Amino acid sequence: SGMLDFTMYGPGFQDFVIDKPEHSPHYEYERHDPEDRATHRRAVYRFIVRSQQQPFMTTLDCADPSMQVDKRNETVTALQALALLNNRFMLSMSRHFAQRLERETANPEDQVVRAFQWTLGRRPDDEERSMLQGYRSVHGLPNLCRWLLNLNEFVFVD
């Protein structure tokens, strides 16, 4: 999407809101604002609550922070696909990705080719380009970006 803050070092970020901090705090991940630019950093800077897992990261096989693990689990589940399609963070990043493309070029065909190149590292062939153009014309550029971010070729490294 172009939103990642590459700043190294410095304070971590919280991707949750603390409810009832005066006693037995509750960490409300669903109340976090995915538009908060302070949280657009690499996950290594994410403040980890050891007593409560972050739901989106857990879905994507992030290790349980309350335990020491030598290797994280690797699964492929329908829940992961649904999270990548519907999570508020993913929707936000898809919109930012589309806005970035619109800033780069006003030509819809060029936007589709660039989106494909940026996500998959290659140019679309004629059949792919035609399909992507059709999808974009019906569903819009943000949804095309969300679709590209959910392709197996983007999610998995072969």
Side-chain angles (χ1 to χ4, degrees), residues 1-104 111-112 114-122 128 132 135-136 138-158:
S1 70
M3 296 302 294
L4 183 61
D5 178 354
F6 289 98
T7 304
M8 292 178 63
Y9 315 111
F13 66 87
Q14 294 179 351
D15 56 353
F16 53 84
V17 172
I18 300 175
D19 188 34
K20 301 181 181 95
E22 60 280 354
H23 59 78
S24 186
H26 296 254
Y27 302 97
E28 305 288 340
Y29 289 100
E30 68 280 353
R31 291 178 49 197
H32 169 259
D33 179 10
E35 296 294 329
D36 180 0
R37 292 189 62 95
T39 65
H40 296 170
R41 298 184 70 195
R42 293 180 59 225
V44 70
Y45 295 105
R46 185 171 65 90
F47 183 86
I48 295 176
V49 178
R50 298 210 181 274
S51 62
Q52 184 177 348
Q53 296 182 33
Q54 205 271 20
F56 183 60
M57 298 292 280
T58 300
T59 301
L60 300 176
D61 294 329
C62 186
D64 182 344
S66 68
M67 300 172 52
Q68 288 185 344
V69 294
D70 61 339
K71 183 179 169 189
R72 71 179 217 176
N73 292 330
E74 293 181 29
T75 63
V76 178
T77 68
L79 189 56
Q80 291 166 340
L82 290 170
L84 289 173
L85 278 172
N86 300 311
N87 181 272
R88 290 182 324 129
F89 175 76
M90 294 301 294
L91 294 172
S92 172
M93 291 304 114
S94 297
R95 281 191 304 273
H96 286 293
F97 189 11
Q99 290 166 356
R100 178 183 177 197
L101 289 162
E102 289 168 339
R103 284 191 305 270
E104 293 278 328
Q111 291 171 349
V112 167
R114 284 187 190 191
F116 194 88
Q117 285 179 303
W118 289 348
T119 53
L120 303 182
R122 65 177 179 86
E128 290 168 328
L132 295 167
Y135 187 89
R136 183 200 190 281
V138 172
H139 300 287
L141 188 56
N143 281 324
L144 173 68
C145 292
R146 182 172 70 148
W147 186 73
L148 288 169
L149 293 173
N150 281 272
L151 289 175
N152 281 350
E153 193 173 340
F154 177 76
V155 175
F156 298 100
V157 178
D158 287 331

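These numbers come from the heavy atoms of this one structure, side chains and all, not from hydrogens, waters or symmetry mates. This is a predicted model, so every value here is computed, not measured.
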I'd like to check C62 versus R46 (side-chain heavy atoms, cut-off strictly below 4.5 Å). Are they in contact? yes
Using side-chain heavy atoms (C-beta onward) and a distance below 4.5 Å, is E102 in contact with Q111? yes
Does the side chain of H139 reach to within under 4.5 Å of the side chain of L144, using non-hydrogen atoms? no
Got a sec, which pairs hit salt bridge (charged side-chain N to carboxylate O under 4.0 Å, His left out) with one end in residues 89-99, sequence neighbours left out? E35-R95
Y45: partners by side chain to side chain contact (heavy atoms under 4.5 Å, CB included), with sequence neighbours left out: M8, F13, R41, R42
Please name all residues satisfying side chain to side chain contact (heavy atoms under 4.5 Å, CB included) with L60, sequence neighbours left out, ordered by chain then number. F56, Q80, L84
Report yes if some heavy atom in the side chain of N143 is under 4.5 Å from a heavy atom in the side chain of Y135; otherwise report no. yes
Counting C-beta onward and ignoring hydrogens, is there a side-chain heavy-atom pair between M93 and L4 closer than 4.5 Å? no
Please check: side-chain N/O of N87 versus main-chain N/O of A83, any donor-acceptor pairing under 3.5 Å? no
Heavy-atom closest pair (M57 atom, Q54 atom, distance to 0.1 Å) is N-OE1, 2.8 Å
Could you check if a side-chain atom of Q14 sits within less than 4.5 angstrom of a side-chain atom of Y27, using non-hydrogen atoms only? no
Between D61 and T75, does any side-chain donor sit less than 3.5 Å from a side-chain acceptor? yes
How close do C145 and S94 get, heavy atom to heavy atom, and via which atoms? CB-O, 3.7 Å
For N152, check side chain to side chain contact (heavy atoms under 4.5 Å, CB included) against everything at least two apart and list the hits. F156
If I compare all heavy atoms of Q52 with all of Y29, which pair ends up nearest, and what's the gap? O-OH, 3.3 Å
Note: Q53 and P65 closest approach over all heavy atoms is CG-CD, 3.6 Å
For E128, check side chain to side chain contact (heavy atoms under 4.5 Å, CB included) against everything at least two apart and list the hits. F116, R122, P124, D125
Look at the rings of F47 and F16 and say which category their plane angle falls in: under 30° parallel, 30 to 60° tilted, over 60° perpendicular. tilted
Would you please name every residue forming a salt bridge (Lys or Arg N to Asp or Glu O under 4.0 Å) with E104, sequence neighbours left out? R114
Please report the closest heavy-atom contact between L148 and F154, naming both atoms and the distance. O-CB, 3.6 Å
Under 3.5 Å, is there a donor-acceptor pair between the side chain of R88 and the main chain of H32? yes
Could you give the distance from NE2 (H96) to CZ (R37), rounded to the nearest 0.5 Å? 7.5 Å
Atom CD of E30 with >12 non-hydrogen neighbours under 6.0 angstrom: yes
Measuring only between side-chain heavy atoms, which start at C-beta, is D64 closer than 4.5 Å to V69? no
How far apart are the closest heavy atoms of N150 and L85, and which atoms are they? OD1-N, 3.5 Å
Check: F89 and T39 side chains under 4.5 Å, non-hydrogen atoms: no
